[in-house]
Engineer: 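Let me begin by handing over the structure; questions about it come next.
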Amino acid sequence: MNIILLGPPGAGKGTQARTMCDSHGYIQLSTGDMLREAKEANSEIGKRAASIMAKGELVTDEVVIALIRDKITEKAGAVGFIFDGFPRTLAQADALEDLLLSIGQSLSHVVELFVDDEKLISRITGRFTCGSCGELYHKLTKPPKKPDVCDVCGSVNKFVFRPDDNEDSFKTRLLAYYRDTSPLIGFYHAKKILRKIDGLGSIDKIQAGINNLIKPVN
């Protein structure tokens with residue numbers, strides 16, 4: 001089963017993808033993570049990506065699709081893949097469809113996590129992560145159990161706040177989402193694989209809702 005998690009920045013796509021991978025054995029395909037892995041591995045595609053980013057340019061669709069193809073090939077025996085943060089545009093959606101067709105696969109579901117913009121801004125401006133293990137926190141809804149100590153790995157004073165997680169920067173990112181990515185909602189609705197769920201509930205509630213949406217119909 002191949003699933004896209006679709007929604008604006010901060011909607012919880014990464015959190016839900018990790019939860020689904022832990023509970024169902026899916027492989028999370030996050031373009032950001034794959035780019036970092038490729039750079040660290042010093043692979044050929046990683047070198048190309050590093051060269052592009054060093055110039056301050058956006059990584060091309062060709063490079064991203066090549067990364068996804070390599071990962072799908074490497075994990076060919078997986079029960080399914082979850083695409084987190086990709087595709088972002090209609091052109092990328094077409095490229096992903098062609099890639100999956102070329103290896104005899106297809107998308108099963110596209111799950112849109114829809115949210116209220118003002119509530120989303122409140123969520124984003126309070127979030128931070130552990131710089132050691134990447135665990136996500138929020139100063140209001142999910143603070144660490146002990147101040148300055150990661151619940152997961154125990155790192156001390158390693159919390160990181162993204163420089164663009166402020167209201168002005170986030171509104172710019174949100175505008176880019178509505179301009180470039182939201183057309184995918186209509187695109188996948190027309191293909192009859194779009195599912196919708198409120199993205200502002202608890203992590204467990206949203207996860208249960210997603211599981212209910214994508215479960216096979218007997």
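Just so you know, residue 1 is the first one in the sequence shown, and it goes up from there. None of these values were measured; they are calculated from a predicted model.
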Engineer: My understanding is that only residues two or more places apart in sequence, or in another chain, count here; which of them pass side chain to side chain contact (heavy atoms under 4.5 Å, CB included) with Thr73?
Structural biologist: Arg69
Engineer: Apply side chain to side chain contact (heavy atoms under 4.5 Å, CB included) to Leu136 and list each qualifying residue two or more places apart in sequence or on a separate chain.
Structural biologist: Thr15, Arg18, Arg127, Thr129
Engineer: Under the salt bridge (charged side-chain N to carboxylate O under 4.0 Å, His left out) test, which residues partner Glu74, sequence neighbours left out?
Structural biologist: Lys71
Engineer: With ring-ring contact (aromatic ring centres under 6.0 Å, His included) as the rule and sequence neighbours excluded, what pairs involving residues 6-30 come up?
Structural biologist: His24-Tyr26
Engineer: Hey, is Glu112 close enough to Lys13 for a salt bridge, meaning N to O under 4.0 Å?
Structural biologist: no
Engineer: I'd like to check the side chain to side chain contact (heavy atoms under 4.5 Å, CB included) partners of Ala17; sequence neighbours left out, ordered by chain and number.
Structural biologist: Leu5, Gln28, Ile82, Asp84
Engineer: Under 4.5 Å side-chain heavy-atom separation, chaining through any Ile, Leu, Val, Met, Phe, Trp or Tyr, what else clusters with Val149? Say none if it is isolated.
Structural biologist: Val156
Engineer: Show me the donor-acceptor pairs, under 3.5 Å and distance only, between side chains in residues 95-106 and residues at least two apart or in other chains.
Structural biologist:
residue	atom	partner	partner atom	Å
Glu97	OE2	Lys191	NZ	3.2
Ser102	OG	Leu99	O	2.6
Gln105	OE1	Asn2	ND2	2.8

Engineer: Shared ILVMFWY cluster between Val111 and Val79, side chains joined below 4.5 angstrom?
Structural biologist: yes
Engineer: Just distance, no hydrogens or angles: give the donor-acceptor pairs under 3.5 Å from side chains in residues 198-206, sequence neighbours left out.
Structural biologist:
residue	atom	partner	partner atom	Å
Asp198	OD1	Leu200	N	2.9
Ser202	OG	Lys205	N	3.1

Engineer: Are more than 12 heavy atoms from other residues, nucleotides or ligands located less than 6.0 Å from atom NE2 of His138?
Structural biologist: yes
Engineer: With Ile27, which residues qualify under side chain to side chain contact (heavy atoms under 4.5 Å, CB included), at least two apart?
Structural biologist: Leu29, Lys75, Ala78, Phe81
Engineer: For Arg195, give me all partners under salt bridge (charged side-chain N to carboxylate O under 4.0 Å, His left out), at least two apart in sequence or on another chain.
Structural biologist: none
Engineer: Report the residues that fulfil salt bridge (charged side-chain N to carboxylate O under 4.0 Å, His left out) with Asp33, sequence neighbours left out, ordered by chain and then residue number.
Structural biologist: Arg36
Engineer: Sequence neighbours excluded, which residues qualify as ring-ring contact (aromatic ring centres under 6.0 Å, His included) partners of Phe161?
Structural biologist: Phe128
